[in-house]
Amino acid sequence: MDKLEVLRKCDMFRALDEKQLKVVEKMCTTEVLEPGAIVCKQEVVGGKLYVIEEGLVGIILEVGPLSQRQVQSASNFEVFGWSSMIEPFTCTATVKAIEKTKVLAFEGQEVHGLCVSNPAIGCRVHSGLARVIAERLRHAYNQLLGVTSQI
């Protein structure tokens with residue numbers, strides 16, 4: 001699958017027109033993540049934004065020095081590492097490849113710069129990002145309700 005097709009299927013970039021998608025496409029590289037690889041580390045500043053072409057990653061919260069919990073996962077056409085493009089550019093969770101995963105990788109601050117310098121792209125990308133975050137929160141609330149209803 002080519003990069004443009006992957007970006008078209010990603011909620012974060014879906015609203016971009018063809019010309020805008022081509023601008024974004026030039027910013028990414030293809031990477032392959034091996035199972036077990038730590039891709040993002042909670043509380044680390046900087047990093048990359050990733051769109052999964054094919055594969056699966058776990059989103060893990062580190063709740064203490066010796067305690068971590070996988071709270072969600074992301075798979076085909078989903079995005080992770082988005083905190084690398086939003087100030088203060090600090091990763092909010094650790095992400096670990098669960099299986100061999102092919103991704104499009106962006107320098108987070110480069111995407112941030114594009115959004116600032118090109119408001120038309122920035123508005124659509126941030127709107128898509130808001131959709132992604134809202135969906136993740138909804139899933140987190142559903143998990144929480146499931147846990148508390150069993151107590």
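Just so we're clear, the structure is a prediction, and the values are computed from it rather than from any experiment.
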> Counting heavy atoms not belonging to Gln72, are there more than 12 under 6.0 Å from its CD?
Replying inline: yes
>> Under 6.0 Å between ring centres: does that hold for Phe13 and Phe77?
In response: no
> How far does CG of Asp11 sit from CZ of Arg14, to the nearest 0.5 angstrom?
Replying inline: 4.0 Å
> Any salt bridge between Lys3 and Glu53, counting N to O under 4.0 Å?
Replying inline: no
> So Met27 and Glu107, side-chain contact (heavy atoms from CB on, under 4.5 Å) or not? Walk me through it.
Replying inline: CA-CA 8 Å; Met27 299 174 71; Glu107 289 299 326; over 6 Å; no
> Are Phe106 and Met12 connected, step by step, through hydrophobic side chains (Ile, Leu, Val, Met, Phe, Trp, Tyr) whose heavy atoms are closer than 4.5 Å?
Replying inline: yes
> When you check the side-chain N and O atoms of Glu62 and Thr94, is any donor under 3.5 Å from an acceptor?
Replying inline: yes
> Are side-chain heavy atoms of Leu16 and Val24 found at a separation under 4.5 Å?
Replying inline: yes
> So how far is it from Arg138 CZ to Glu135 CD, rounded to the nearest 0.5 Å?
Replying inline: 4.0 Å
> When clusters are formed by joining ILVMFWY residues with side-chain heavy atoms under 4.5 Å apart, either directly or through shared neighbours, do Ile133 and Val111 land in the same one?
Replying inline: yes
>> Applying the side-chain contact (heavy atoms from CB on, under 4.5 Å) criterion to Lys96, which one of Ile60, Val39, Leu33 satisfies it?
In response: Ile60
> Out of curiosity, Glu99 CD to Ser75 OG, how far, rounded to the nearest 0.5 Å?
Replying inline: 8.5 Å
> With hydrophobic residues grouped by side-chain heavy-atom distances under 4.5 Å, do Ile98 and Tyr50 end up in a single group?
Replying inline: no
>> Taking Lys9 first and then Glu5, would you say they form a salt bridge - that is, a charged N and a carboxylate O separated by under 4.0 Å?
In response: yes
>> Do Ile38 and Ile59 sit in one hydrophobic cluster, given that two such residues count as connected whenever their side-chain heavy atoms are within less than 4.5 Å of each other, even indirectly?
In response: no
> Salt bridge or not for Lys26 and Glu110, using N-O below 4.0 Å?
Replying inline: no
> With hydrophobic residues grouped by side-chain heavy-atom distances under 4.5 Å, do Met85 and Leu21 end up in a single group?
Replying inline: yes
